[in-house]
Each structure stands twice: as C-alpha cells, then as structure tokens.
2 protein chains.
Amino acid sequence: MQAKTKETIAAIEEKLTAKGERFTDARQSVMAALLEFDATTAKAYDIVEAMGNVKPMTVYRALDFLVAQGLAHRIESLNAYAPCVENHCAHKDSQYLICDKCEKVEELHSHAIDDFIAEQTAKDGFKISTKVIEIHGLCSSCQL
Amino acid sequence: MQAKTKETIAAIEEKLTAKGERFTDARQSVMAALLEFDATTAKAYDIVEAMGNVKPMTVYRALDFLVAQGLAHRIESLNAYAPCVENHCAHKDSQYLICDKCEKVEELHSHAIDDFIAEQTAKDGFKISTKVIEIHGLCSSCQL
DNA sequence: GAGCCAGTTGTTATTATGTAACGGCAATAT
DNA sequence: ATATTGCCGTTACATAATAACAACTGGCTC
C-alpha cells in the first residue's frame with residue numbers, strides 16, 4: 001500500500017468522524033483499494049479481487065457508502081468507480097473526462113455546462129434530478 | 001402490434017435497403033418490439049421476454065445493429081434501449097432527457113452544449129471520442 | 001450494567017446483464 | 001459452382017448487482 005494512500009485514509013477518517021459517520025474497516029479497505037488504482041477506474045469485482053477474501057456484497061455496500069459521502073464516483077458508462085478526494089463545491093454536478101486508454105478520470109465542474117443544460121431543459125418543462133455526463137476520449141498524455 | 005409500428009418498420013426497411021444494409025427478420029422483430037414499448041426505454045431482457053422463444057444473444061446482436069444504424073440508442077445509466085426514428089443531423093451528439101417516472105426519453109440536439117463541452121475540454125488537451133449525456137428527472141406530464 | 005435501537009456486517013443464494021465460441025445457413029461475389 | 005462474407009442458433013459462460021436474514025456493534029436510556 002502506497003504511503004500516500006495511508007495519509008489520505010487518515011485524512012478521510014478525520015473528516016468522517018467529524019461528520020458523525022463511521023469509517024469502518026470494510027469501508028477503509030475498499031477506499032484504500034480504490035485509491036491504489038491511482039485515479040484510474042476500478043470495477044467492483046476488481047476491488048473484490050484486489051482485496052481477496054471479501055464478498056462482492058461487502059464491496060458494493062462500501063462503494064455505496066463512499067459514493068454517498070462523495071468519496072467516490074460511479075461511472076455509469078463503465079460500471080466502474082473512481083475515487084474522489086478533493087472536496088469541491090456541490091459535488092453533485094460534475095462532468096467526467098474519461099481516458100479510454102489509461103483509464104484515468106478527470107472531473108470538470110463547469111457551472112456553465114450545468115446552467116446551459118438547465119436552460120435548455122427548462123424549455124421542455126423538464127425537471128432535472130440527476131445528470132450523467134461522461135465524456136470519453138484520450139487524455140493529453142495518451143495522444144502522443 | 002400497433003399499426004404505426006408496421007408503418008415505421010416498412011419505412012426503415014426501405015431506408016436500410018437503400019443503404020445496402022440487411023433488415024433481417026431478427027432485426028425487424030427486435031425493432032418492432034422496441035417500438036411497441038412506445039418511446040419508453042426497454043431492457044434487453046424485456047425484449048427477450050416480449051418476443052418469447054428468442055435467445056438473449058439474438059436480441060443483443062440485433063440491438064447492436066440498430067444502435068450502429070442510429071435506429072436505437074443505448075441508455076448507459078439504465079442498461080436500456082430506446083428506439084429512435086427521426087433521422088437528425090449527426091446523431092452522434094445527442095443528449096437524453098429521461099423521465100424516471102414514465103420512462104419516456106426525449107432527445108436534445110444542442111450544438112450549444114456540444115460546443116461548450118468541446119471548448120471546456122480543449123483546455124485540458126482532451127480529445128473527445130464519445131459523450132454520454134443522460135439527464136434524469138421528471139418530464140412535464142409527470143410533474144402534475 | 002441491562003435493555004434497546006439503529007446501523008453495520010457476514011453469509012448464502014439468486015437475479016440481471018452481457019459475451020465467447022463454434023457450427024451452420026443465406027446472400028452475394030468471382 | 002464455388003468461395004467469401006455476413007448472419008443466425010445454440011450452448012455455455014462471464015460479469016454485475018441485489019435480496020434476504022441472522023448476527024454483531026456502538027451508542028442510548030433507564
């Protein structure tokens with residue numbers, strides 16, 4: 001386990017306990033596993049495998065928790081997850097840039113895109129609850 | 001089977017043969033089944049069930065074809081499919097408004113949104129290949 | 001401390017979703 | 001007619017996710 005992972009876990013622990021949430025062993029382990037993939041996406045069963053001796057159910061439950069806490073994102077178009085350590089503003093409205101080669105995920109937080117979509121959908125009288133915005137392609141490093 | 005479905009199938013047949021594509025029985029049946037769901041999303045296995053006596057593989061193959069031809073869309077966030085009859089411009093860059101109550105899907109074709117995203121991602125040197133933009137919420141009818 | 005409650009975990013089984021592989025058949029091309 | 005290509009049927013399998021229920025844990029209250 002990378003040193004950085006340990007640090008991050010410790011920092012998260014602090015934040016969660018402050019919030020009154022329980023950062024249990026299972027949750028820590030899954031978060032750690034996710035972080036070890038180093039900003040690339042990981043499938044639930046990748047984590048199951050990486051952890052060894054754990055049941056899928058355990059991993060899915062932990063992932064649900066992490067997503068709810070904004071510590072991970074689910075990437076719908078890949079059935080995968082990415083860790084998220086930075087705590088940005090709302091966190092509900094992000095857009096993901098997913099490199100299909102190196103699998104790294106970057107987040108955009110364009111209020112402009114949000115506003116734009118809100119404006120366009122308002123015309124239809126559509127009431128937005130959640131948005132899935134996942135942009136696939138090649139990151140700058142992988143274009144070489 | 002609705003009368004409208006038959007018409008639509010016939011129209012598609014014509015268009016596909018003009019393109020040199022084969023609109024086989026399996027493909028027709030799956031397209032018809034998809035249309036019968038009447039603009040709501042359908043899961044692959046819903047179609048398997050609706051058709052009876054068909055294997056999943058058959059349905060998945062037909063769906064792949066239909067998606068490739070722009071006659072259906074895959075909704076990643078639902079693992080589902082929606083028919084698409086109108087032939088709009090590029091067809092690669094649409095945004096979907098998905099009502100979580102009635103399951104109807106509407107398409108936006110906002111060049112503005114596209115341009116905006118292109119502009120934002122250009123800053124990161126990210127080269128876009130495909131975009132998944134799926135907006136969930138309630139359509140105007142279902143808000144009442 | 002004893003009892004209680006909500007949240008969490010362990011375990012098993014099951015459902016849902018999607019593919020691989022291969023042989024045969026059908027349409028088209030040479 | 002024969003080769004080639006694409007399509008289909010079938011079986012088996014792989015991957016993704018959830019249901020259900022019992023047991024445990026941590027913090028409450030009395």
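Note that the structure is predicted; figures quoted are calculated from it, not measured. Below, read A as the first sequence line, B as the second, and so on, with proteins coming before strands; counting in each chain starts at 1. These numbers come from the heavy atoms of this one structure, side chains and all, not from hydrogens, waters or symmetry mates.
- As a whole-Å value, the separation of B/Asp46 CG from C/dT15 P is 16 Å.
- Defined by atom type and a distance below 3.5 Å, a donor-acceptor pair is present between the side-chain atoms of B/His73 and B/Tyr96.
- Atom CD in A/Gln28 sits roughly 15 Å away from atom C1' in C/dT9 (whole-Å rounding).
- A/Leu66 has its CG atom 14 Å from the C1' atom of C/dT8, to the nearest Å.
- Rounded to an integer number of Å, the gap from A/Met57 CE to C/dG10 P is 11 Å.
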Should B/Glu103 and B/Lys101 be marked as a salt bridge (Lys or Arg N to Asp or Glu O under 4.0 Å) after you check the CA-CA gap, both sets of side-chain angles, and the distance that decides it?
CA-CA 6 Å; B/Glu103 294 193 324; B/Lys101 190 163 173 211; over 6 Å; no
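- Atom pair A/Asn53:CG and C/dT9:P shows a separation of 16 Å (rounding to whole Å applied).
- Both B/Ala62 and A/Tyr60 lie close to DNA chain D; mapped to their nearest nucleotides by heavy-atom distance, the more 5′-ward contact belongs to B/Ala62.
- Where DNA chain D meets chain B (any atom under 4.0 Å from a heavy atom), the bounding nucleotides read 5' to 3' are D/dC7 to D/dT11.
- The CZ atom of A/Phe65 sits 7 Å away from the P atom of C/dT8 (whole-angstrom rounding).
- Defined by atom type and a distance below 3.5 Å, a donor-acceptor pair is missing between the side-chain atoms of B/Glu134 and B/His136.
- The side chain of A/Arg27 approaches C/dT9 more closely than any other nucleotide in the set C/dA21, C/dG18, C/dT9.
- Scanning both residues, A/Ala62 and A/Val30, for their nearest heavy atoms gives CB-CG2, 3.6 Å.
- Nucleic acid contact class of B/Arg22 (heavy atoms, under 4.0 Å, all strands): sugar-phosphate only.
- One interatomic measurement links the two molecules: CZ of B/Arg61 to P of C/dG24, which rounds to 15 Å at whole-angstrom precision.
- In terms of modelled atom types and a separation under 3.5 Å, the side chain of A/Thr8 and the main chain of A/Lys4 share a donor-acceptor contact.
- The minimum heavy-atom distance linking B/Thr41 with B/Ala80 is given by the pair CB-CB, 3.9 Å.
- Rounded to whole angstrom, the span from the OH atom of A/Tyr45 across to the P atom of C/dT17 amounts to 14 Å.
- Donor-acceptor pairing under 3.5 Å is lacking for the side chains of B/Lys15 and B/Gln69.
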